[in-house]
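Numbering of residues begins at 1 and proceeds along the displayed sequence. In this text the structure is predicted, and so the values were computed from the model without any measurement. Only heavy atoms go into these numbers, but all of them, side chains included; no hydrogens, no water, no symmetry mates.
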Amino acid sequence: MQRSITHQKPVELFAYIVIFVLYSSLSSIHSYLPPMFAVLFVLFTRSLARNDYGGILLISFCLVVFEANHGYMLFSSIIYFYFIYKFIMPKIAQNFSCFSCIKFSNVLLAYIGYFLFLSLLSSIFLLSPPELNYYIVYYIVVEFLLVNLL
């Protein structure tokens, strides 16, 4: 029995997972490669808006790989993204009419907001605070350009 070319979704999802895991490994070695955190944030919010549970699962797996590579708390990015999507993003969409401004705020929320969220979690659980390096500005600029292409 042959599969139809239109029903290639599981194969495509698996290919995306493999590509992201390889890229995430490379970005943890080479600091000039951005970790694609803001891109995952935008894709996560789009999947939530469309109720695409396969996409949410795929992006959640990619976020867990990101957290493991960088030594962050397990599921912290997923929880953070969900709270931002539910409580902050509607206010941003209501107050801004410029799509580029909304996309830039998404990138800033992804990086700076997640750093503040991790700082809050580290102070609650008495852990060492996360480190903020100067590559963040470079990552924000590069991923803003990538988010504009999405």
Side-chain angles (χ1 to χ4, degrees), residues 5-122 129-150:
I5 193 130
T6 59
H7 293 87
Q8 298 288 331
K9 190 85 168 160
V11 175
E12 181 181 324
L13 291 176
F14 181 73
Y16 285 145
I17 288 174
V18 169
I19 289 170
F20 181 78
V21 168
L22 290 174
Y23 179 81
S24 179
S25 301
L26 284 175
S27 71
S28 65
I29 296 170
H30 302 290
S31 59
Y32 60 86
L33 292 174
M36 299 296 172
F37 191 64
V39 173
L40 288 175
F41 175 63
V42 170
L43 293 175
F44 188 80
T45 57
R46 284 186 185 172
S47 294
L48 280 175
R50 288 183 285 169
N51 292 328
D52 179 19
Y53 299 116
I56 292 171
L57 184 64
L58 168 72
I59 295 167
S60 297
F61 177 77
C62 293
L63 288 171
V64 169
V65 169
F66 170 80
E67 292 168 353
N69 280 341
H70 294 282
Y72 298 139
M73 294 178 71
L74 186 63
F75 302 121
S76 62
S77 62
I78 298 168
I79 293 168
Y80 172 72
F81 283 176
Y82 183 74
F83 280 128
I84 291 299
Y85 172 76
K86 269 311 211 197
F87 299 115
I88 305 293
M89 292 303 296
K91 298 293 182 187
I92 290 175
Q94 180 182 9
N95 291 329
F96 292 117
S97 61
C98 171
F99 289 117
S100 295
C101 300
I102 292 173
K103 288 179 181 181
F104 187 69
S105 67
N106 287 347
V107 174
L108 282 179
L109 276 174
Y111 278 104
I112 306 299
Y114 186 61
F115 172 76
L116 294 174
F117 181 72
L118 285 177
S119 298
L120 175 71
L121 286 179
S122 67
E131 297 178 12
L132 185 66
N133 58 15
Y134 297 111
Y135 282 111
I136 287 286
V137 176
Y138 167 70
Y139 295 158
I140 288 172
V141 170
V142 169
E143 291 200 32
F144 173 66
L145 295 174
L146 289 174
V147 166
N148 275 332
L149 293 176
L150 291 178

So, do [X] and [Y] sit near enough that their side-chain heavy atoms are less than 4.5 Å apart?
X	Y	value
I78	I59	no
E143	P35	yes
K103	V42	no
I56	N51	no
L58	L43	no
F117	S76	yes
L132	Y111	no
N106	V147	no

Heavy-atom count check: over 12 atoms from other residues, nucleotides or ligands less than 6.0 Å from [X] [atom1]?
X	atom1	value
F104	CZ	no
F61	CZ	no
Y23	OH	yes

Straight-line distance of [X] [atom1] to [Y] [atom2], nearest 0.5 Å:
X	Y	atom1	atom2	result
S77	Y72	OG	OH	10.0 Å
F66	L40	CZ	CG	8.0 Å
L63	F41	CG	CZ	10.5 Å
M36	C62	CE	SG	12.0 Å
S60	F81	OG	CZ	10.0 Å
L121	I79	CG	CD1	8.0 Å

Show the nearest heavy-atom pair for residues [X] and [Y], with the distance to one decimal.
X	Y	answer
A38	A110	CA-CB, 3.8 Å
S122	P129	OG-CA, 3.6 Å
F75	E67	N-OE1, 2.8 Å
S105	I92	OG-CG2, 3.5 Å

### Between S31 and Y135, a side-chain donor and acceptor under 3.5 Å
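Present: a donor and an acceptor within the cut-off.
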
### Query
Does one side chain, of Y32 or S27, offer a donor that lies under 3.5 Å from an acceptor on the other?
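Result is no, nothing qualifies.
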
### Query
Do V141 and V107 pass the side-chain contact (heavy atoms from CB on, under 4.5 Å) test, and can you show the C-alpha distance, the side-chain angles, and the key distance before you say yes or no?
CA-CA 9 Å; V141 170; V107 174; over 6 Å; no

### Task
Please answer whether the main-chain N or O of V21 pairs with a side-chain N or O of S24 as donor and acceptor at a distance below 3.5 Å.
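Judged by distance alone, no pair lies under 3.5 Å.
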
### Task
Apply side-chain contact (heavy atoms from CB on, under 4.5 Å) to L48 and Y82, showing your working.
CA-CA 9 Å; L48 280 175; Y82 183 74; 4.0 Å; yes

### Task
Report the residue from F20, F44, Y114 that forms a ring pair (Phe, Tyr, Trp, His ring centres under 6.0 Å) with F37.
Y114

